[in-house]
Colleague: 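Sending over a structure as structure tokens; questions will come in a sec.
Being a predicted model, the structure only gives us computed values, none of them experimental.
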Amino acid sequence: MSTKIIIIIGVVLILIAILSSLKKSIISTKFGIPAGILGVLMLIYMSYSSDLVKYNRQIEQISIGNKLKVEGPVNITKVISPIDKDSVDCRILTMGVYPESNENDIWVLIRPTDDKYYPQSDHTNTSYKRDGEWQVVTRFGGDLGEAYDLIVYEADASASNFFSGTIEQWKQADSYPGLELEELPLGAKEVDRIKVYTRKNCRGVF
């Protein structure tokens, strides 16, 4: 039975319960009340098991690290938070700036000590860009003090689709093996790189 059909049935059962509570209703409350309870339970269940209702299974505590002060016109795409050699929490908001002329997508990839590359995204699958600034949620899953390269890429449409598709495949398989250097698409150009360290043990957080 499809998700939409179950939701429709749940709504109908709730309506039956409402009608049974009315005076001169032809529907008995002995049937209406259990129908209403079942309808509510069906809607609650489907809200947790379908994509029709979006929710965050785990409330993310996202922190913001130290931030560089930007002065003058921006000529290159770069990261301004966190800063190089910074210690970061398990989930941070990576922020940066870009020239207004840049029409490419901006991606952040992290490279932990396994030398694999992990594209970072939130619900948009690319870094959010507006008015010369960009940002993306970045997640670390290593040990306390583990070193990470945080790398910023400008990506053309083909490279951006590759990163988005890779993330979707990993999510569906519930496995995040990382990318080898040679797997990175040709349309992704590295524009900035810093090194950060985890200030907590983030292993098993995600």
Colleague: Would you check if the side chain of Thr198 reaches a backbone N or O of Gly142 as a donor-acceptor pair within less than 3.5 Å?
Modeller: no

Colleague: Run the salt bridge (charged side-chain N to carboxylate O under 4.0 Å, His left out) test against Glu71 and tell me which residues pass, sequence neighbours left out.
Modeller: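 Here the qualifying residues are Lys69.
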
Colleague: Would you call Thr138 and Leu93 a side-chain contact if the rule is heavy atoms closer than 4.5 Å?
Modeller: no

Colleague: Mind listing the closest non-hydrogen atom pair of Lys200 and Cys90 along with its distance?
Modeller: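 Scanning both residues, the minimum pair turns out to be CB-SG, 4.3 Å.
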
Colleague: Just checking Lys116: does its NZ atom have more than 12 heavy atoms from other residues, nucleotides or ligands closer to it than 6.0 angstrom?
Modeller: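 Count over threshold, so yes.
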
Colleague: Are side-chain N/O atoms of Thr113 and Glu146 paired as donor and acceptor at under 3.5 Å?
Modeller: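 Yes, a side-chain donor-acceptor pair sits under 3.5 Å.
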
Colleague: To the nearest 0.5 Å, what is the distance between CG (Asp115) and CG (Leu179)?
Modeller: 13.0 Å

Colleague: State whether Asp84 and Lys195 are salt-bridged, where the test is any N-O pair (Lys NZ or Arg NE/NH1/NH2 against Asp/Glu carboxylate O) under 4.0 Å.
Modeller: no

Colleague: Examine distances only and state if a side-chain atom of Ser164 and a backbone atom of Ser160 form a donor-acceptor pair shorter than 3.5 Å.
Modeller: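 Side chain of Ser164 to backbone of Ser160, a donor-acceptor pair under 3.5 Å: yes, one is there.
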
Colleague: Is Lys189 positioned over the aromatic face of Tyr153, cation under 6.0 angstrom from the ring centre and no more than 45 degrees off axis?
Modeller: no

Colleague: Classify the angle between the aromatic ring planes of Trp170 and Tyr176 as parallel (below 30°), tilted (30 to 60°) or perpendicular (above 60°).
Modeller: perpendicular

Colleague: Do Phe162 and Leu181 belong together in a cluster built from hydrophobic side chains that touch within less than 4.5 Å?
Modeller: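 Yes; Leu181 is reachable from Phe162 via cluster members.
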
Colleague: For the backbone of Val97 and the side chain of Trp134, can you confirm whether one donor and one acceptor N or O come within less than 3.5 Å of each other?
Modeller: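 It does hold such a pair.
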
Colleague: If we ignore hydrogens and angles and just use 3.5 Å, is the side chain of Asp192 paired with the main-chain N or O of Val79 as donor and acceptor?
Modeller: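 Looks like yes, one N/O pair under 3.5 Å.
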
Colleague: Taking it one step at a time, do Thr77 and Glu154 satisfy side-chain hydrogen bond (donor to acceptor under 3.5 Å, both in side chains)?
Modeller: CA-CA 8 Å; Thr77 300; Glu154 290 182 0; 2.6 Å; yes

Colleague: About how many Å separate CG of Leu144 and CZ of Arg199, when rounded to the nearest 0.5 Å?
Modeller: 11.0 Å

Colleague: Distance from Gln120 atom CD to Ile92 atom CD1, nearest 0.5 Å?
Modeller: 9.0 Å

Colleague: State the CD1-CD distance between Ile62 and Gln135, to the nearest 0.5 angstrom.
Modeller: 9.5 Å

Colleague: What closest approach, in Å, do Arg139 and Ser121 show between heavy atoms, and which atom pair accounts for it?
Modeller: NH1-O, 2.9 Å

Colleague: Which heavy atom of Arg203 sits nearest to which heavy atom of Asn201, and what is that distance?
Modeller: N-OD1, 3.2 Å

Colleague: Between the side chain of Lys78 and the main-chain N/O of Val152, is any donor-acceptor distance below 3.5 Å?
Modeller: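 No, the answer is negative, given that no donor and acceptor are paired below the 3.5 Å cut-off.
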
Colleague: Quick check: is Leu186 connected to Phe163 through a chain of hydrophobic side chains (ILVMFWY, heavy atoms under 4.5 Å apart)?
Modeller: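 Not linked; separate clusters.
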
Colleague: Looking at every heavy atom in both Gly187 and Ala159, which two are closest together, and how far apart are they?
Modeller: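 Closest heavy-atom pair between Gly187 and Ala159: C-CB, 3.5 Å.
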
Colleague: If Ile, Leu, Val, Met, Phe, Trp and Tyr residues are connected whenever their side-chain heavy atoms lie under 4.5 Å apart, and connections chain through other members, are Ile76 and Trp107 in the same group?
Modeller: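 No.
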
Colleague: Please find the pair of heavy atoms, one from Asn104 and one from Ala155, that lie closest to each other, and give the distance.
Modeller: CB-O, 3.4 Å

Colleague: Quick check on Lys67: does its NZ atom have over 12 non-hydrogen neighbours (other residues, nucleotides or ligands) under 6.0 Å away?
Modeller: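 It does not: Lys67 NZ has 12 such atoms or fewer within range.
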
Colleague: Whether Arg130 and Glu133 form a salt bridge (side-chain N of Lys/Arg under 4.0 Å from carboxylate O of Asp/Glu) is what I want to check.
Modeller: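 Salt bridge: no.
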
Colleague: For the ring pair (Phe, Tyr, Trp, His ring centres under 6.0 Å) test, which of Phe140, Tyr197, Tyr117, Tyr118 pairs with Tyr148?
Modeller: Phe140

Colleague: When rounded to the nearest 0.5 angstrom, what distance separates CD1 in Ile194 from OG1 in Thr94?
Modeller: 7.0 Å

Colleague: Run the side-chain hydrogen bond (donor to acceptor under 3.5 Å, both in side chains) test on Asn66 and Asp86 for me, step by step, so that the C-alpha distance in whole Å, both residues' side-chain angles and the decisive distance to 0.1 Å come before the verdict.
Modeller: CA-CA 7 Å; Asn66 295 316; Asp86 211 354; 3.2 Å; yes

Colleague: So, do Lys85 and Val196 sit near enough that their side-chain heavy atoms are less than 4.5 Å apart?
Modeller: no

Colleague: So which atom in Val74 and which in Tyr98 form the shortest heavy-atom distance, rounded to 0.1 Å?
Modeller: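 Nearest heavy atoms, Val74 then Tyr98: CG1-C, 3.7 Å.
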
Colleague: State, with a plain yes or no, whether a side-chain heavy atom of Val88 is found less than 4.5 Å away from one of Pro82.
Modeller: yes

Colleague: About how many Å separate CD1 of Ile110 and CD1 of Ile151, when rounded to the nearest 0.5 Å?
Modeller: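 Ile151 atom CD1 to Ile110 atom CD1 measures 9.5 Å (nearest 0.5 Å).
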
Colleague: Do other residues, nucleotides or ligands put more than 12 heavy atoms under 6.0 Å from Glu100 CD?
Modeller: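 More than 12 heavy atoms, drawn from other residues, nucleotides or ligands, come within 6.0 Å of this atom.
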
